[in-house]
There are 2 protein chains.
Amino acid sequence: VRAAMAGWARAVRGLLLDVSGVLYDSGADGGVPIAGSVEAVRRIKASGLKLRFCTNETQATRENFVKKLRGMGFDICASEVTAPAPAACRILKERGLRPHLLVHDDLVPEFAEVDKTNPNCVVLGDAAENFTYANLNEAFRVLIGMEKPVLISLGRGRYYKETDGLKLDVGAYMKALEYACDVQAEVVGKPSKRFFESALAEMGVPAEQAIMIGDDIENDVGGAQRCGMRALQVRTGKYRPSDENHPDVKPDAYVNNLAEAVDIILQQL
Amino acid sequence: VRAAMAGWARAVRGLLLDVSGVLYDSGADGGVPIAGSVEAVRRIKASGLKLRFCTNETQATRENFVKKLRGMGFDICASEVTAPAPAACRILKERGLRPHLLVHDDLVPEFAEVDKTNPNCVVLGDAAENFTYANLNEAFRVLIGMEKPVLISLGRGRYYKETDGLKLDVGAYMKALEYACDVQAEVVGKPSKRFFESALAEMGVPAEQAIMIGDDIENDVGGAQRCGMRALQVRTGKYRPSDENHPDVKPDAYVNNLAEAVDIILQQL
């Protein structure tokens, strides 16, 4: 791995980190930090590298998400996080869209400023326990009742790992509604190019000087590479050995975990 | 319509009828017959035409489904019904598959004879209230844990109409699991060619002498036509005016309801 990265890691000026599966494993109990990750974030900040957290997390507001991570010992604040809900709010305002929300209860405050009367689109997040039969039927009826259905999905992940096992992610429910309404969702969040570009702009580093570190072969690694970044896949979180045979996406390198990635990158500087 | 059908309806020897949306509108209260349909079934039987009910209904055993319809006044018995669950049981036995079931509680007895220990496939039906977040995650985990996931879906409908509104059908949930596991479901039920062919064989009428009458432009009309049948779309049930602009499927004729279809067909004989 060190050899593979020696050629390019020394040009790096900024890191984008995925959060769930890289910093910690989420779960009903709040989750647990991945060994070495708290210290790894601290070392990145001490190194002078730019750092931004780039997450598809939609089960909480950025404020509460950061509060949970700080409780685990991570040095992180809300202004360092790029997340789908605030990006979706900008799009809704730009286009005069009034959403029907199918999202986690704890995400609703992110949409406080948005007009939700007489909906003309559906915004879908990782609603978890809110993915009930009744709520899915309701979102479906709103969409099918529109002349031209508009479905905005906060991510397109297939599944993620919690402490008690794998869970279907928002992308699976997006596909259900896409099929039922014969519509294509607009994805806000990774792997959308616009989303990565806003994270890079907020960090102030061009794509070719940035590395994305994530556990999701398609949304983290594939998405970042399509924007011109290098990307590492960690062997934590939802990583599965079969990812290493992915037909389309090949990470610039594999690392066992975030701590190892930071070791190698800092040694190259 | 009469003119359109005059050329071919007189050669007809058998009718395949979809049930939900053609005979009755289903609903939590058991549903209500569509005006004229009880009498229309009686007239078909009196005419000497062969008749078979070809349904994707998976919310009840054939016995209970028929009991409900008889309660509404329909002249129907279980041996006249072609339905996905018995067809799936034959496939499971042929291939030595042991299903994890995600189906409606009332369908479970259809699988009484099937070994369900240590599952090596998932069978998905219209589970309705059983489409909970927990049950979907469980079916997903069974699939993703297999080396080569096998997903058998009892139909691929997008949605259907109940007395209290449109509901997502099994096809939407099939797409969610297909996407999450990167697998293609095997569909048992309409529009599968094998399913229509078994209904024709049970009726003893070749495809070119049979008419399918249904409310679903893709699963009833498109599926039957691909088997060499003529197919009528009724303007009841889930029919929507936009179906008449479907990009791929054009029914041999539209009729307002089953009663009108039977009027026209019997006049041609």
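Every chain is numbered from 1, with letters handed out A, B, ... down the list of sequences.
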Is it true that a side-chain atom of [X] and a backbone atom of [Y] form a donor plus acceptor pair closer than 3.5 Å?
X	Y	result
A:Arg235	A:Val255	no
A:Thr61	A:Asn64	yes
B:Arg62	B:Val81	yes
A:Arg230	A:Asp252	no
A:His246	A:Val249	yes

Picking from B:Ile144, B:Asn130, B:Asp169, B:Thr132, which has the most non-hydrogen pairs under 4.5 angstrom with chain A?
->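 Ranked by contacts with chain A, first place is B:Ile144.
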Sorted by number, residues from residues 181-193 of chain A in contact with chain B (heavy atoms, under 4.5 Å) =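 Under the 4.5 Å heavy-atom cut-off, A:Asp182 qualify.
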Within 45 degrees of the axis of the six-membered ring of A:Tyr160 and under 6.0 Å from its centre: does A:Lys238 put its NZ or CZ there?
->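 No, cation not above the ring by the 6.0 Å, 45° rule.
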Heavy atoms only, distances under 4.5 angstrom: which of A:Ala180, A:Gly165, A:Ala128, A:Ala127 has the most pairs with chain B? Name it, please.
->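 Most heavy-atom pairs under 4.5 Å with chain B: A:Ala128.
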Any residue meeting side-chain contact (heavy atoms from CB on, under 4.5 Å) with B:Asp164, in chain and number order, not counting sequence neighbours |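 Checked B:Asp164 against side-chain contact (heavy atoms from CB on, under 4.5 Å); matches are B:Glu162, B:Lys167.
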Would you call B:Leu124 and B:Leu151 a side-chain contact if the rule is heavy atoms closer than 4.5 Å?
->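 B:Leu124 vs B:Leu151: side chains touch.
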Where does B:Phe140 contact chain A at under 4.5 Å (heavy atoms): side chain, backbone, both or neither?
->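 It is the side chain, since no backbone atom gets that close.
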Side chain, backbone, both or neither: which part of B:Arg156 has a non-hydrogen atom closer than 4.5 Å to chain A?
->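 Answer is both: backbone and side chain atoms of B:Arg156 are under 4.5 Å from chain A.
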